[in-house]
4 protein chains.
Amino acid sequence: MKATKRRNILAAAEKLFERFGPAKTGVDEIAAAAGVAKGTLYNYFGSKEGIVRELITDKIGLFEKALKAGLDDISDPLEKLKSAAVERFRFLHRSPYIAAIILHREGDATSRELASSFESRQRGIVARIMDEARRRGAIRRSDSAGITDGIIYLLKGLELSLKDRLDSARIEDIEAEITRLITLFFSGAGKAAGKRNL
Amino acid sequence: MKATKRRNILAAAEKLFERFGPAKTGVDEIAAAAGVAKGTLYNYFGSKEGIVRELITDKIGLFEKALKAGLDDISDPLEKLKSAAVERFRFLHRSPYIAAIILHREGDATSRELASSFESRQRGIVARIMDEARRRGAIRRSDSAGITDGIIYLLKGLELSLKDRLDSARIEDIEAEITRLITLFFSGAGKAAGKRNL
Amino acid sequence: MKATKRRNILAAAEKLFERFGPAKTGVDEIAAAAGVAKGTLYNYFGSKEGIVRELITDKIGLFEKALKAGLDDISDPLEKLKSAAVERFRFLHRSPYIAAIILHREGDATSRELASSFESRQRGIVARIMDEARRRGAIRRSDSAGITDGIIYLLKGLELSLKDRLDSARIEDIEAEITRLITLFFSGAGKAAGKRNL
Amino acid sequence: MKATKRRNILAAAEKLFERFGPAKTGVDEIAAAAGVAKGTLYNYFGSKEGIVRELITDKIGLFEKALKAGLDDISDPLEKLKSAAVERFRFLHRSPYIAAIILHREGDATSRELASSFESRQRGIVARIMDEARRRGAIRRSDSAGITDGIIYLLKGLELSLKDRLDSARIEDIEAEITRLITLFFSGAGKAAGKRNL
DNA sequence: CATGAATGAGCGTTCATTCAT
DNA sequence: CATGAATGAACGCTCATTCAT
């Protein structure tokens, strides 16, 4: 099993997935694009889903590594959060088929597990940032778990709406909106609300 | 064309859709489950997509009617918002295949249009509540559009994560989380953030 | 069984057949156009083919009556032949779906029988004209049966090519061509041929 | 893709087409008769239409090659014409489903194109023979295009009537009739006609 | 290991006919 | 007689997977 061939197949698959999505990409197309026989795909990956799985694992791995490295250079928690959110957005925007699996839970059981563990690690990253914020006294209340969830939901919802948004807005605008919403979430939208209800 | 049979078919289709989703449910299965011939489905609905469309239209119609009725009984904007969010959650939780279409934009062009118009009406409802909140002085800043978007994203993200959450949490807990997050979004999570960035 | 209803159905079917042909016309469409229920068609005609059959029988009957009347006014055999040929062409051109059955032997066994008997009567008409021509001394040889067949084949071949011809030629041109070919067939194309081979 | 299997499939298809015609022959039937899976047909031919196309193309190719070779051995134009006509008849008689497409313009666009180009080449062959006849002084008038058309129509009409004729006549009789009619067409049937009308 | 020909269950749709009302 | 809802076999085609070479 030459590692080169493996990489060729994955590269070919990725290109096609990005354009058409895994569902609309046939195994024949991947094989043709990679310059190997269809059977070879099965020797290496066992199934079409296997290709998807491996591709996602790889890309997620790279993204998470880069994300962590990027966060190390930032000290302010809110800035860390904004940066992480924008990077996450960029990653999912770059690989829409991964976004589809992460957000929509498409694919087989293993893919969904992958997505699930990705989200759990993402939550961990946000949670750690929140902890730091609390230690620094930047967060006034103890409900950091709720805030963490809120951040994650906010991002997911925003990422979900990407296709719609991209029709009318530029990427920079969307990134600006992400930081704005996170800031808004931190600062609160209402005056009296907090006093009345919490 | 008896209305009873129409309902039987829709009921059978709904049951299957809820378990497998429209994509994985064959026309033969619907026909078998409804106890009619395949051709009968086409006499009533014209196409598989026609069944999906009618089912979604019906359910959305009922939900929106109930939602509006429920909101009329509430005067406080934040309470209105919480109620709307919980009702919306319940609706999508009850009909996961509608959630799939609404959230994921799955299905054909018609389904996506249905989803798109649903979301636009949903946004309208939230926006109207925000307007009222602003008129009452409950919202301190003028960016009510941004807040509206934030609310929608929050809900979508939360609804997206339903399947995962339902493994570990009870529905009541999730509903409580929804109201908590909306309140949090109103009151703000951080102390210094607002001052520093806005 | 009101005769009016019968006629309505046939009229509706004819209109549709002329535009789309029997194969592309559905029983539903005929019923709708005739303003009756689908089942009624079956009460009257037994099957879709039954409608086709009856329609053809009617039209052929009318055509043959008119044809014979027209021929009575002509005395010269060659002129009779030309007239018959042109009338036949006009008839089949006016009712392309009948042409399809007459020429292509489409449809069920009964329709094919209808077509077969039509052709046999047509041959009879031409044969009678040829007999008269021989009695008048207008035909030099005794092979009048062969000539009759030749005429029929010539017409059929020409009618077959109608669709193609109609793209490039006007109807008047085609009618002129018919008389020209019949004349040609009578007068002979070659000089030496006849002497050498017969 | 083994050529043997390709031939097997074509042979199976041909047998069925000859009995029922391409329209009434299902893909499943061809697959069953060929002893292969349905998918295999699509691997080899892409579509049902592809099978029809290939079959027709092959047969027409073989026929035209043989036809040309046969004509090279004959020098007299009238004899050439007779031979071509008889060969053409034999070909269409051997492959009735091809006759159906050639004569009736049945089938999809591609089949009709095939038929159209076949007829155009056939007309070319006849036209070339007529040219030669004129050069040799065997044809008395200049309307060789009209004569060519007449020949083609004659043949088509005759071939159309094959099914009927075969009930009552032997093939040899029909072939004799073809040569008789062509000779007749050359020599002319009437005495006075030519003088009166041309 | 590599190949790619072979597989076949599954898909949504059509429409002439039937038959209970 | 009239109705039209119900029928279901038949259609051409797809594509992830298998397996003999």
Side-chain angles (χ1 to χ4, degrees), chain A residues 1-2 5-6 22-32 35-51 108, chain B residues 1-2 4-6 9 22-32 34-51 108, chain C residues 1-2 5 9 22-32 34-52 108, chain D residues 1-2 4-6 9 22-32 34-51 108:
Chain A
M1 300 241 283
K2 277 212 304 241
K5 191 165 282 185
R6 190 177 201 88
K24 294 276 180 196
T25 302
V27 175
D28 300 74
E29 294 168 279
I30 300 172
V36 298
K38 218 188 324 189
T40 304
L41 299 189
Y42 285 84
N43 288 335
Y44 279 80
F45 302 101
S47 72
K48 185 189 175 182
E49 269 302 325
I51 300 175
D108 65 1
Chain B
M1 304 243 265
K2 278 207 300 229
T4 317
K5 187 160 282 183
R6 189 177 202 90
I9 295 171
K24 294 276 178 198
T25 303
V27 175
D28 298 77
E29 294 168 278
I30 300 173
V36 299
K38 217 190 318 192
T40 302
L41 299 190
Y42 285 86
N43 286 338
Y44 278 81
F45 303 101
S47 69
K48 182 188 176 183
E49 165 48 26
I51 300 175
D108 56 24
Chain C
M1 300 241 283
K2 276 210 307 244
K5 191 165 283 187
I9 295 170
K24 294 277 179 196
T25 301
V27 175
D28 300 75
E29 295 169 278
I30 300 173
V36 299
K38 218 186 326 187
T40 303
L41 299 190
Y42 285 85
N43 287 337
Y44 278 79
F45 302 100
S47 72
K48 185 188 175 182
E49 269 302 326
I51 299 175
V52 177
D108 65 3
Chain D
M1 304 242 264
K2 277 205 302 227
T4 317
K5 185 159 283 182
R6 188 177 203 89
I9 295 171
K24 294 277 178 198
T25 303
V27 175
D28 297 77
E29 293 170 278
I30 300 173
V36 298
K38 216 193 314 195
T40 302
L41 298 190
Y42 286 86
N43 286 338
Y44 277 81
F45 303 100
S47 69
K48 182 189 177 182
E49 164 49 25
I51 299 175
D108 56 24

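Chain identifiers are assigned alphabetically (A, B, ...) following the order of the sequence lines, protein sequences preceding nucleic acid strands; residue numbering begins at 1 within each chain.
For the OP1/OP2 pair of dT3(E) and a distance below 4.0 Å, the side-chain nitrogens and oxygens of T40(A) include at least one atom meeting the criterion.
Here the NZ atom belonging to K48(C) is positioned 11.0 Å from the CG atom belonging to L41(C), to the nearest 0.5 angstrom. Atoms CZ and CD1, on R6(B) and I51(B) in that order, are 10.0 Å from each other to the nearest 0.5 Å. Of the inter-residue distances, the one linking F45(C) atom CZ with I9(C) atom CD1 reads 5.0 Å to the nearest 0.5 angstrom.
Distance CE (M1(D)) to C1' (dT3(E)): 14 Å, rounded to an integer number of Å. What separates CZ of F45(C) from P of dC1(F) is a distance of 13 Å, to the nearest Å. Going from atom CG of L41(C) over to atom P of dT18(E) covers 13 Å, rounded to whole Å.
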Using Watson-Crick and G-U wobble pairs whose two distances are both under 3.5 Å, how do you write the pairing of DNA chain E as dot-bracket, with | for links to another strand?
.||||||||||||||||||||
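A search for side chain to side chain contact (heavy atoms under 4.5 Å, CB included) contacts involving E29(A) returns L16(A), T25(A), not counting sequence neighbours. The salt bridge (charged side-chain N to carboxylate O under 4.0 Å, His left out) test applied to E49(B) returns R53(B), not counting sequence neighbours. The side chain to side chain contact (heavy atoms under 4.5 Å, CB included) test applied to K38(A) returns V27(A), D28(A), A31(A), not counting sequence neighbours.
With hydrogens and angles ignored, no donor-acceptor pair under 3.5 angstrom links the side chain of N43(D) to the base of dA5(E).
Between G39(A) and Y44(B), the residue anchored closer to the 5' end of DNA chain F is Y44(B), taking for each the nucleotide with the nearest heavy atom.
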Give me the distances for all protein-to-nucleotides 10-13 of chain E N/O pairs that come in under 3.5 Å?
residue	atom	partner	partner atom	Å
dG10(E)	O6	K38(D)	NZ	3.1
dG12(E)	OP1	K48(B)	NZ	2.6
dG12(E)	OP2	V27(B)	N	3.0
dT13(E)	OP2	Y42(B)	OH	2.8
dT13(E)	OP2	K48(B)	N	3.0
dT13(E)	O4	K38(B)	NZ	2.6

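Put simply, the side chain of K5(A) never gets that close to the backbone of Y44(A): no donor and acceptor are under 3.5 Å apart.
K5(B) comes within 4.0 angstrom of sugar-phosphate atoms only, judged by non-hydrogen atoms across all strands, and of no base.
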